[in-house]
2 protein chains.
Amino acid sequence: MKIDPKSSADLSAQIAQAIKDAIVEGRLIVDERLPSEAELADQFQVSRPTVREALKRLAAQSLIRTQRGAFGGAFVNRLSFEDAYSQQITTSTLLLSMNAVSFDTACEARFALERACAPLSAERRTPDHLATMRAEIVRQNQPGLTDEAFCASDVAFHRALVDGAGNPVLSYQLAGAVEAMQPLMNMITFTARSREAIVALHTRIADAIEARDATAADAALAELTAYTLTLKDDVMAARAARDKS
Amino acid sequence: MKIDPKSSADLSAQIAQAIKDAIVEGRLIVDERLPSEAELADQFQVSRPTVREALKRLAAQSLIRTQRGAFGGAFVNRLSFEDAYSQQITTSTLLLSMNAVSFDTACEARFALERACAPLSAERRTPDHLATMRAEIVRQNQPGLTDEAFCASDVAFHRALVDGAGNPVLSYQLAGAVEAMQPLMNMITFTARSREAIVALHTRIADAIEARDATAADAALAELTAYTLTLKDDVMAARAARDKS
DNA sequence: CATTTTTTATTTGTCTGACATTTAAAAGTC
DNA sequence: GACTTTTAAATGTCAGACAAATAAAAAATG
């Protein structure tokens, strides 16, 4: 592992990149211990604080973990699905909020991906997944629920649907798409009637998944997509009318 | 922004988290300048190196950028789609390689997501997307192509297909799924005959997208999925037979 | 006066050296 | 042999310093 002394980039960034490359290319394997900070400083011909900055960069990406004490040090970290989930969710959320991604675009992406999972979920869902979906539907029927709580339950419902596909890679990919939508969904105020309509569609989806009927599930999801967009348009129209007066 | 003095976690990690929360929750907005390192050190009652480690953690996630000189400093960074792509690709790649995700699981996820894009792509693809797909097909037909180059062209073909949907969020999500598969695909040695079959399917996909025929595109993608899995099984069987002898 | 150059203050990047804290192995004790 | 103490190695943190970059302000120049 070497760094380019002519490069203008920060030394800590270069060192971090060199180590990252080694991990991605498999030259450093999971749980392998990196040299100590002092040794790395010596190896790269920089000071220890610089090495530390590089290591913190890697730690921020969950690429390494550090342990204090004798025989401690920095170890290549096994990137868990859980770590990947949360990274994915933060990234997606910021991407949507910072780039002014339209509701329609985000919504389309989310439901397109979700519909890709539905047939697999219909085939493989366990009673556990179904139970979660039904439980969330019950929660969504409770009267005094806040809009935030309703949205959270909505996310939980759709996560159960996606998890039903039994494919952790799909679940990971969808986590970002579904959860990142939540701040956008929070723009919508759910009336009693719209909640009723959503719950009815959720019930149809759950029924279809239970009956292992991929076609029906897809149809219900398509309707939910359309209905969500309608809701958004209503909210926007109402706001425009209010702002005009 | 405050940190918990009783927490056992690293100070730099706590500080990074506090700032990250402020960004995600919108209390710090894009292009806003953070206080200087000296001011942050004063504010959090820690030393400057500690603050710097925290800032490097954030820089590693593209949450901030730093600029030297007078009126320089750390600024909240607009997370670009490009930044998000590369983060997504690294994460997905490591997730697959470190957790021994099976070829079948990754393949299923990839094609499920891709099939979700196909109908949208059939509807919205521009001549540009079509041209890219056709060009990659031509490249894939070249005789002396290495397996790696064939795989790379394959990725480019499928990216054009996904980009054709005209939804940057979908493109971002798919980037991880498609690119992360590449190391796994590299396990496969493509015979002349298998390449021919793949190119034929690619041509069918491009034809369907050109004709705006979502159903045909979906069918071809389904066949490609099945064929890819067959190829993998053949490679595995051949390897098992070789190891046995 | 307008333009260019120089100065200057500010801020990040890096280094040196030191001490505190944690941790597990090694040594000592009963 | 089981328990306690010591010790060495590593990360975590701090203080202070200098280098380098950068843009605003000041000075010089035509």
Side-chain angles (χ1 to χ4, degrees), chain A residues 1-20 23 28 30-77, chain B residues 1-20 23 28 30-77:
Chain A
M1 279 192 303
K2 292 253 169 65
I3 56 175
D4 177 11
K6 280 169 293 188
S7 167
S8 65
D10 292 0
L11 290 174
S12 69
Q14 289 183 62
I15 294 170
Q17 190 61 52
I19 298 176
K20 181 174 176 176
I23 294 175
L28 290 171
V30 168
D31 292 335
E32 185 170 343
R33 182 183 177 279
L34 296 176
S36 73
E37 295 175 353
E39 287 171 314
L40 285 172
D42 201 54
Q43 193 174 316
F44 286 111
Q45 288 285 298
V46 297
S47 68
R48 193 158 83 92
T50 302
V51 167
R52 281 183 62 79
E53 287 178 9
L55 293 179
K56 294 312 157 203
R57 293 177 115 109
L58 299 173
Q61 300 171 272
S62 303
L63 293 177
I64 62 168
R65 60 177 185 278
T66 54
Q67 221 172 356
R68 292 173 72 165
F71 295 78
F75 298 84
V76 177
N77 195 35
Chain B
M1 276 191 308
K2 294 252 170 66
I3 56 175
D4 178 11
K6 281 168 293 186
S7 168
S8 65
D10 292 359
L11 289 173
S12 69
Q14 289 182 62
I15 294 170
Q17 189 61 51
I19 298 176
K20 180 174 176 176
I23 294 174
L28 290 171
V30 167
D31 291 335
E32 186 170 342
R33 184 182 178 278
L34 296 176
S36 74
E37 294 175 353
E39 285 171 314
L40 285 171
D42 202 53
Q43 193 174 315
F44 286 112
Q45 288 285 299
V46 298
S47 67
R48 194 158 83 94
T50 303
V51 166
R52 281 184 61 80
E53 286 178 10
L55 294 179
K56 294 312 156 204
R57 295 176 115 110
L58 299 173
Q61 300 171 272
S62 302
L63 292 178
I64 62 169
R65 60 178 186 278
T66 54
Q67 219 173 356
R68 290 173 72 163
F71 296 76
F75 298 83
V76 177
N77 195 34

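Both backbone and side-chain heavy atoms feed into the values below; hydrogens, waters and symmetry mates do not. Lettering of chains follows the sequences in order, A, B, ..., and the numbering in each one begins at 1.
Under the side chain to side chain donor-acceptor pair (under 3.5 Å) criterion, A:Gln67 pairs with no residue at all, not counting sequence neighbours. Residues satisfying the side chain to side chain donor-acceptor pair (under 3.5 Å) test with A:Glu32, not counting sequence neighbours, are none. Every residue two or more places apart in sequence or in another chain that forms a side chain to side chain donor-acceptor pair (under 3.5 Å) with A:Glu39 is listed here: A:Ser36. Applying the side chain to side chain donor-acceptor pair (under 3.5 Å) criterion to B:Ser7, with sequence neighbours excluded, gives no partner residue. In this structure, B:Asp4 has no salt bridge (Lys or Arg N to Asp or Glu O under 4.0 Å) partners at least two apart in sequence or on a different chain.
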For residues 59-66 of chain A, which side-chain N or O atoms pair as donor and acceptor with protein atoms under 3.5 Å away, sequence neighbours left out?
from    : atom 1 : to      : atom 2 : distance (Å)
A:Arg65 : NH1    : A:Asp31 : OD1    : 3.4
A:Arg65 : NH1    : A:Val76 : O      : 3.3
A:Arg65 : NH1    : A:Asn77 : OD1    : 3.2
A:Arg65 : NH2    : A:Asp31 : OD1    : 2.9

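Taking CZ of A:Arg68 as the start and CG of B:Asp10 as the end, the distance is 7.5 Å to the nearest 0.5 Å. Residue A:Ile15 holds its CD1 atom at 9.5 Å from CD of A:Gln43, rounded to the nearest 0.5 Å. Distance CD/A:Gln14 to NZ/A:Lys2: 14.0 Å, rounded to 0.5 Å.
Both A:Gly72 and B:Ser47 lie near DNA chain D, and the one whose nearest nucleotide falls closer to the 5' end is A:Gly72. Nearest-nucleotide assignment on DNA chain D puts the 5′-proximal partner with A:Phe71, out of A:Pro49 and A:Phe71. Summary of the strand contacts: A:Thr50 and B:Ala74 both lie near DNA chain C, and taking for each the nucleotide with the nearest heavy atom, the more 5' one is attributed to B:Ala74.
Within residues 55-68 of chain A, the residues having any heavy atom under 4.0 Å from DNA chain D are, by residue number, A:Lys56, A:Thr66, A:Gln67, A:Arg68. For DNA chain C, none of the residues of residues 38-46 of chain B falls under the heavy-atom distance limit of 4.0 Å.
The salt bridge (charged side-chain N to carboxylate O under 4.0 Å, His left out) analysis of residues 43-62 of chain A, with sequence neighbours excluded, yields the pairs A:Glu37-A:Arg48, A:Glu37-A:Arg52, A:Arg52-B:Glu53, A:Glu53-B:Arg52.
Contact footprint of chain B on DNA chain C: nucleotides with an atom under 4.0 Å from a non-hydrogen protein atom, first to last in 5' to 3' order, C:dA9 to C:dT14. Read 5' to 3', the first and last nucleotides of DNA chain D with an atom closer than 4.0 Å to a heavy atom of chain A are D:dA8 to D:dT13.
For A:Arg33 against A:Phe75, the heavy-atom pair with the smallest separation is CB-CE2, 3.5 Å. Across all non-hydrogen atoms, the minimal contact from A:Ala54 to A:Ser12 is CB-O, 3.3 Å.
Using a 4.5 Å heavy-atom threshold, the side chains of B:Leu55 and B:Leu40 count as touching.
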